[in-house]
Amino acid sequence: MLKLKVNNQDIEVEEGLTVLQACEKAGVEIPRFCYHEKLSIAGNCRMCLVEIEKSPKPVASCAMPAAEGMNIKTNTKFVEKARKGVMEFLLANHPLDCPVCDQGGECDLQDQSMFYGVDKSRYKENKRFVPEKYMGPLIKTQMTRCIHCTRCIRFATEIAGVSELGAIGRGENMQITTYLEKSMESELSANVVDLCPVGALTSKPYVFEARPWELKKTESIDVMDAVGSNIRVDTYGWEVKRILPRINEDINEEWISDKTRYACDGLLNQRIDTPFIKYNNKFDKASWREVINLIKDRVKETEKDKICGFTGDLVNMETLYIFKEFFNKCINSNNLDFRNNHTYLNSELRENYLFNSTINGIEDSDFIFIIGSNPRFEATMLNARIRKAYLKNKLKIVSLNNVGDLTYPYETLNGKAEDIKNIVEGKHSLSKDIINSKKPIIILGQSILLSNSGKYIFESIKSFLKKNGKINSEWNSFNIISENASTVGSIDLGIFKTVDGSNETLSKLENNEFDIVFLLGQDSLNFNKKNEFIIYQGSHGDKGAEIADIILPGAAYTEQNGFFTNLEGKLQKAFKASYPPGEAKEDWIIINDLAESIMGKKLFKDKEELDSGLLNYLNLENEKKLSRKDSDFENLVFNNEQIKINNIDYYYSNVIARSSKTMFNCRNEKFKLKSTGTEG
């Protein structure tokens with residue numbers, strides 16, 4: 001520990017900290033523009049100047065290491081004059097367009113010029129003009145406002161892993177640009193909007209939409225993938241205007257993906273706001289009483305084994321739980337599943353479907369083996385953490401398949417299941433790499449679980465890791481990447497019917513063995529419909545609604561409170577930021593009303609009772625799984641096949657994204673880059 005003084009206050013700090021960090025430990029605020037905790041030090045804005053005893057000049061605190069016996073002063077006349085001089089330089093070329101700047105009200109330059117600046121300028125020269133740059137459909141540029149802090153360049157290069165932003169020119173002629181004047185390709189690109197301390201980079205879809213003080217801010221959870229990024233939803237009346245990241249160092253740090261940030265405009269489009277009944281292949285509006293009575297009559301005249309239900313990718317856990325209770329108590333059936341395909345599932349132990357090493361644990365790893373997954377598209381924030389681990393530890397990363405640019409270097413195998421067989425039998429060089437690593441991470445993607453070799457690879461890899469002590473109380477190397485926000489929660493709640501890991505309910509549906517099919521937010525089910533009576537409950541008029549006979553208007557994730565369990569098993573709550581449009585209701589209320597119609601009483605009297613029932617069920621189930629032992633599988637069937645990676649339409653992965661104009665523009669931009677050959 002180092003002993004030093006900050007404004008005559010004695011403090012102790014760890015070695016390796018900068019003067020700026022030492023001052024923050026002492027509770028002293030230091031203004032800054034270029035410095036950011038997650039980025040490398042640039043030291044080019046000079047706003048963080050402080051006085052250090054025996055130093056003739058003010059010192060840039062962000063770049064100066066703290067040393068034993070330093071006497072730092074941050075509030076002297078000397079420092080005040082230095083900061084005012086720096087602010088005068090920064091504002092010399094800055095346009096006076098705060099009233100029309102989208103950054104107004106949350107602008108670092110605005111705030112700091114009020115606190116540290118002066119009320120006049122000595123510069124009479126014309127302000128310089130910098131032309132706007134094209135950075136794609138998400139980022140609006142007004143580079144005349146740029147103060148050359150280079151945060152955006154460092155983020156693109158270090159965090160996002162795409163060297164697309166840089167500076168050209170020198171001195172007053174310096175400009176920040178994408179060298180080829182093309183769209184940024186990273187799925188994290190819009191984080192530069194949050195990083196920019198001025199209005200040079202702002203949100204293009206949000207331009208001139210609202211002022212920050214007009215918005216209601218609600219802390220919530222993202223559902224665009226299974227990572228469970230922490231977000232803030234900003235609403236103006238009913239409408240969701242924007243989504244911003246919340247800091248959670250264990251999950252998303254302070255970044256979010258572009259899909260998380262911008263798919264929210266899809267909440268406005270293609271919304272189902274009233275019940276519908278299909279007559280003669282045409283949908284007619286109906287009342288809630290009509291649709292509920294029709295469903296009641298249909299259910300009562302149908303055998304229980306002829307009724308099934310499929311849940312979707314964005315459904316919260318309260319709705320999943322009440323839907324299961326509805327099937328068990330009202331219909332007396334367990335023909336339920338959350339899977340829309342024949343993915344292999346082993347739910348005996350909770351570790352069989354979680355990312356057990358945890359997102360935070362990736363940084364401690366010394367070897368990563370990716371099997372049948374493209375984490376850049378399946379779990380963008382998790383992929384960013386793998387890149388961070390690579391930069392920090394220079395660890396070896398291997399992928400079974402060549403999946404393109406993952407933003408970090410990795411070795412590839414030939415994509416054959418035979419490679420996995422050789423690894424678990426100790427006939428491959430990677431066997432030693434895994435065994436000799438202290439904290440290896442083995443990642444299985446959904447493509448593997450969907451392959452013919454899914455069961456063999458899953459069980460043999462896990463058995464290999466157990467035998468070699470890589471699954472223990474301190475470290476679990478076995479990891480599954482779930483693609484959807486509701487996947488882990490659905491397995492925890494038992495929303496499946498399986499024989500030897502298969503999807504029994506889907507197999508029966510494909511053989512047209514059901515008369516009534518409930519689709520709860522399920523929009524990705526592909527089967528040949530014959531005479532099935534389909535009831536769709538959801539928020540958007542998408543694929544599920546198209547094949548339905550009855551449509552029940554539900555709520556989106558921003559319009560109801562709901563729990564979601566992320567891919568590493570953390571239970572988090574999304575809070576209601578808006579409310580359902582028209583006659584739409586929260587999902588759990590619809591199912592409760594259906595139960596009351598069929599049984600004569602509601603399943604739960606209110607949301608509190610439902611939440612209590614859900615949490616008690618989860619606790620009991622998790623205790624049961626903790627007491628179980630893992631099954632030993634013998635004579636596993638090996639298929640010597642080429643493993644294919646599922647083609648993920650990243651910008652169109654769910655109903656909200658498919659309804660989003662911004663996601664449509666991003667998708668078109670991606671195709672344009674591919675067709676012109678400029679994609680990295």
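The structure presented is a predicted model; accordingly, all values stated were derived computationally and were not measured. Heavy atoms only: backbone and side chains are in, while hydrogens, waters and symmetry mates are out.
Contacts of Lys508 classified as salt bridge (Lys or Arg N to Asp or Glu O under 4.0 Å), with partners at least two apart in sequence or in another chain: Glu504. Scanning for ring-ring contact (aromatic ring centres under 6.0 Å, His included) contacts around Phe604 gives Tyr321, with sequence neighbours left out. Every residue two or more places apart in sequence or in another chain that forms a salt bridge (Lys or Arg N to Asp or Glu O under 4.0 Å) with Asp250 is listed here: Lys570. Every residue meeting the ring-ring contact (aromatic ring centres under 6.0 Å, His included) condition with Trp255, not counting sequence neighbours, appears here in chain and number order: His36, Phe155. By the ring-ring contact (aromatic ring centres under 6.0 Å, His included) test, Phe323 is found to be paired with Phe327, residues two or more places apart in sequence or in another chain being considered. For Asp258, the side chain to side chain contact (heavy atoms under 4.5 Å, CB included) partners at least two apart in sequence or on another chain are Leu138, Ser189, Ala190. With sequence neighbours left out, Phe326 forms a ring-ring contact (aromatic ring centres under 6.0 Å, His included) with Phe518. With sequence neighbours left out, the side chain to side chain contact (heavy atoms under 4.5 Å, CB included) criterion links Asp542 to Asp523, Val655, Arg658.
For residues 593-615, the pairs satisfying side-chain hydrogen bond (donor to acceptor under 3.5 Å, both in side chains) are Lys585-Asp593, with sequence neighbours left out. Annotation: side-chain hydrogen bond (donor to acceptor under 3.5 Å, both in side chains) contacts involving residues 549-558, sequence neighbours excluded, comprise Lys529-Asp549.
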Report all side-chain donor-acceptor pairs from residues 223-231 shorter than 3.5 Å, counting only partners two or more places apart or in another chain.
from, atom 1, to, atom 2, distance (Å)
Asp225, OD1, Val227, N, 3.1
Asn230, OD1, Asn248, ND2, 3.1
Asn230, ND2, Gly228, O, 3.2
Asn230, ND2, Gln572, OE1, 2.9

Counting only pairs under 3.5 Å, give me each side-chain donor-acceptor contact of residues 282-289, with atom names and distances, residues two or more places apart or in other chains.
from, atom 1, to, atom 2, distance (Å)
Ser287, OG, Glu290, N, 3.2
Ser287, OG, Glu290, OE1, 3.3
Trp288, NE1, Glu583, O, 2.9

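Residues Thr343 and Asn341 have side chains that bring a donor and an acceptor to within less than 3.5 angstrom of each other. No donor-acceptor contact under 3.5 angstrom links the side chains of Thr302 and Asp515, judged on distance only.
A salt bridge links Lys455 with Asp500: at least one charged nitrogen is closer than 4.0 Å to a carboxylate oxygen.
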